[in-house]
Amino acid sequence: MNFKIYNTLSNKKEPFVPLNPKCIKMYVCGPTVYNYAHIGNARPAVVFDVLYRVLTNIYPEVIYVRNITDVDDKINEAAKKLNEPISFITNKYTDIYHQDMKNLCVLSPDHEPRVTDNIKQIISMIQKILDNKNAYINKDHVLFDVTSFKEYGKLSNRDKDEMLSGARVEVADYKKYPGDFVLWKPSSENEPGWDSPWGYGRPGWHIECSSMAETYLGEEIDIHGGGQDLIFPHHENEIAQSCSAHNNNNYVKYWVHNGYLNMEGEKMSKSLGNIVTIKELLDKYDGEVIRLALLSTHYRKPINFGESLLEQSQNILNKLYKNLNNEKHNDDLVSDDVINPLLDDLNTPLSISNLLKIKCSKTLLNSANLLGLLNRTADEWFSLNNKSTMLENDIELLIQERDNARKSKDFIRADEIRDQLDKNNVILEDVDGKTIWRAKK
RNA sequence: GGCUGAGUGGCAGAGUGGUUAUGCUGCGGUCUGCAAAACCGUUUACGCCGGUUCAAUUCCGACCUCAGCCUCCA
């Protein structure tokens, strides 16, 4: 198999050569659990789920780690606002996130570590960075010394000095160099905190990923993924931390980043009031529809999310589920036209369009599963969903009445019944002298 | 200002140095009591300007426009 993936480190599409072909190691930055996840958070989850499925298809073993960030100042704020313990907030939104992921047909990662379960390891990593003279202590903070790390900026193509000229944030007075970032910071009594060699406190933002990747995957990993906005500073800082702690410059071989999601052409933001949560969308659309919509644009391109994209995705899924009723051959393979585009830097749009060309239902099912689609039977898909208020029995009775009307050429009455059912989201089809119905999707 | 991308037909979205993407929508047709579904047909595509070439949407160069990042946002 010849798998190619775009590497942010080189800004090029590269052939994927694993560190160890027997076991692929992949880490993806997971959610900070302080609120409902929005549709933008769903994109990396779905994209890297496809990557996981593709890798699993090629290699005998893939270890996929996606963390839960449950230590963060945003969580503290949310807890304060609601007057609830922090663990209440983090548990609640972790559960909701899991539910969302399940609905989007995202497979569970092999490990889903939480920061609060990894404080010991984080502390020992910070200690190593200090021992290696890549960090310093000042005013109860442990700070990473950016000037001590020569390769700083290699992922985001930034020059240490030029970066500062554009800086628009006030520099904290405990920093030696403005680009230095926090590894450990002090906590007040009502903030979450742990005892450490540097006093009671909590980890900074970037260290948890470095630490958990090391704990669950080892010092060197094949793939590290996340949203494009994480390239700087988060991933740049991860590199600095891990390489400093390990005395080894080979932390991650392939950095993979997905593009942004816009809502109807506009950036999602609180000020525009156009943030849409996964949960809200799931009330209106099936999870598979949302999943297909997210995969209908190449993962590195910005995606323009909205009603029309979802409608289009709905139509495509209807078509695919319909094709699931085509004749079955003994062909039990995954279509080359579906897998090959995926092997070429996850070209999901091309892969999906080729899905529509598959004639054999068995091949279609196998191929679609690679994308995490067609997880149900056609009957389940087209069966009445809770959008309709009608009972199956009533529908059957009306159909019978319509058939009688048609036989006696009372087409006015027949059409009335059709309209009535249509208003209740039921579509009638007269096929081979029989009348079948299905829910409007 | 620096860095990274992107500009394709009504819309979404692939791809390619010369021959159909695909889907949705619109229009026309076959079918139907009417529909639906299915099938068939169909409408001006490749930001602008140069260059290379027998040939460029595709390669090269400049330009224009847009987006993201430049310290806690996926």
Does the structure show a Watson-Crick or G-U wobble partner for [N], both distances under 3.5 Å? Name it, or say none.
| N | answer |
| --- | --- |
| G1(B) | C70(B) |
| G33(B) | none |
| A6(B) | U65(B) |
| C27(B) | G41(B) |
| C54(B) | G18(B) |

Pairwise [atom1] distance for [N] and [M], with rounding to whole Å:
| N | M | atom1 | answer |
| --- | --- | --- | --- |
| U58(B) | U53(B) | C1' | 13 Å |
| U8(B) | G15(B) | C1' | 10 Å |
| C24(B) | A62(B) | P | 41 Å |
| G10(B) | G26(B) | C1' | 8 Å |
| G17(B) | A55(B) | C1' | 8 Å |
| C49(B) | C64(B) | C1' | 10 Å |
| A6(B) | U20(B) | C1' | 26 Å |
| U25(B) | A36(B) | P | 12 Å |

For a quick check of understanding: with a heavy-atom distance under 4.0 Å over all strands, which category does [X] fall into, base, sugar-phosphate or nothing?
| X | value |
| --- | --- |
| R66(A) | nothing |
| S308(A) | nothing |
| L261(A) | base |

Does [N] have OP1 or OP2 under 4.0 Å away from a side-chain N or O of [X]?
| X | N | value |
| --- | --- | --- |
| T297(A) | G13(B) | yes |
| N157(A) | C3(B) | no |
| Y6(A) | G5(B) | yes |
| K319(A) | U22(B) | no |
| N347(A) | G15(B) | yes |

To the nearest angstrom, how far is [X] atom [atom1] from [N] atom [atom2]?
| X | N | atom1 | atom2 | value |
| --- | --- | --- | --- | --- |
| H298(A) | G13(B) | NE2 | P | 13 Å |
| L428(A) | U32(B) | CG | P | 19 Å |
| F144(A) | C72(B) | CZ | P | 19 Å |
| L373(A) | G23(B) | CG | C1' | 14 Å |
| L155(A) | C70(B) | CG | P | 14 Å |
| W255(A) | C69(B) | CH2 | C1' | 16 Å |
| E208(A) | C72(B) | CD | P | 15 Å |
| L398(A) | A35(B) | CG | P | 22 Å |

Q) Knowing that exactly one of E280(A), R291(A), E307(A), Q314(A) qualifies, which makes a side chain to side chain donor-acceptor pair (under 3.5 Å) with Y285(A)? A)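 In the set E280(A), R291(A), E307(A), Q314(A), the residue that makes a side chain to side chain donor-acceptor pair (under 3.5 Å) with Y285(A) is E307(A).
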Q) Does F181(A) or V431(A) map to a spot on RNA chain B nearer the 5' end, using the closest nucleotide for each? A)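 Nearer the 5' end of the strand: V431(A).
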Q: Name the residue closer to the 5' end of RNA chain B, choosing between N354(A) and P31(A) according to the nucleotide with the nearest heavy atom.
A: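 Taking each residue's closest nucleotide, the earlier one in sequence belongs to N354(A).
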Q.
Can you tell me which residue among C29(A), C209(A), S156(A) is in a side chain to side chain contact (heavy atoms under 4.5 Å, CB included) with H235(A)?
A.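 That would be C29(A).
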Q.
Against I223(A), only a single residue in Y254(A), Y27(A), Y64(A), W255(A) fulfils side chain to side chain contact (heavy atoms under 4.5 Å, CB included); can you say which?
A.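 In the set Y254(A), Y27(A), Y64(A), W255(A), the residue that makes a side chain to side chain contact (heavy atoms under 4.5 Å, CB included) with I223(A) is Y254(A).
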Proximal nucleotide (of [options]) relative to the [X] side chain:
| X | options | value |
| --- | --- | --- |
| F232(A) | C70(B), G33(B), U22(B) | C70(B) |
| K322(A) | G33(B), C72(B), A37(B) | A37(B) |
| E429(A) | C70(B), A74(B), A36(B) | A36(B) |
| K74(A) | C72(B), A14(B), A37(B) | C72(B) |
| N315(A) | G15(B), A36(B), C24(B) | C24(B) |
| D415(A) | C24(B), A12(B), C34(B) | C34(B) |
| K301(A) | A14(B), A74(B), G33(B) | A14(B) |
| P233(A) | G7(B), U71(B), A74(B) | U71(B) |
| D72(A) | A21(B), C72(B), C69(B) | C72(B) |
| R406(A) | A21(B), C34(B), A74(B) | C34(B) |

Can a donor-acceptor pair under 3.5 Å be found between the side-chain atoms of [X] and the base atoms of [N]?
| X | N | answer |
| --- | --- | --- |
| D430(A) | C34(B) | yes |
| Q312(A) | G23(B) | yes |
| R43(A) | A74(B) | no |

Q.
So which atom in I352(A) and which in L295(A) form the shortest heavy-atom distance, rounded to 0.1 Å?
A.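 Where I352(A) meets L295(A) most closely, the heavy atoms are CD1-O, 3.6 Å.
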Scan nucleotides 27-31 of chain B against the protein and return all N/O pairs shorter than 3.5 Å with their distances rounded to 0.1 Å.
none

Q) Could you walk me through whether N318(A) and W381(A) pass the side-chain hydrogen bond (donor to acceptor under 3.5 Å, both in side chains) check? A) CA-CA 8 Å; N318(A) 286 348; W381(A) 180 258; 2.9 Å; yes
Q.
Please tell me whether N67(A) and T69(A) have a donor and an acceptor in their side chains that are separated by less than 3.5 angstrom.
A.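 Yes, T69(A) and N67(A) have a side-chain donor paired with an acceptor closer than 3.5 Å.
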Q) Would you say the side-chain atoms of Y6(A) pair up with the backbone N or O of N11(A), donor to acceptor, closer than 3.5 Å? A)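 Such a contact is found between Y6(A) side chain and N11(A) backbone.
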Q) Is a side-chain N or O of N103(A) found less than 3.5 angstrom from the main chain of G287(A), in a donor-acceptor match? A)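 A pair under 3.5 Å: no.
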(Q) Just to verify, what does Y299(A) make a ring-ring contact (aromatic ring centres under 6.0 Å, His included) with, not counting sequence neighbours? (A)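 Not a single residue meets the ring-ring contact (aromatic ring centres under 6.0 Å, His included) criterion with Y299(A).
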Q) Out of F181(A), W205(A), W184(A), which one pairs with F144(A) under the ring-ring contact (aromatic ring centres under 6.0 Å, His included) rule? A)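 Considering F181(A), W205(A), W184(A), a ring-ring contact (aromatic ring centres under 6.0 Å, His included) with F144(A) is found only for F181(A).
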**Q.** Sole residue of K12(A), R300(A), K4(A) in salt bridge (charged side-chain N to carboxylate O under 4.0 Å, His left out) with D345(A)
**A.**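 That would be R300(A); it is the only one of K12(A), R300(A), K4(A) passing the salt bridge (charged side-chain N to carboxylate O under 4.0 Å, His left out) with D345(A).
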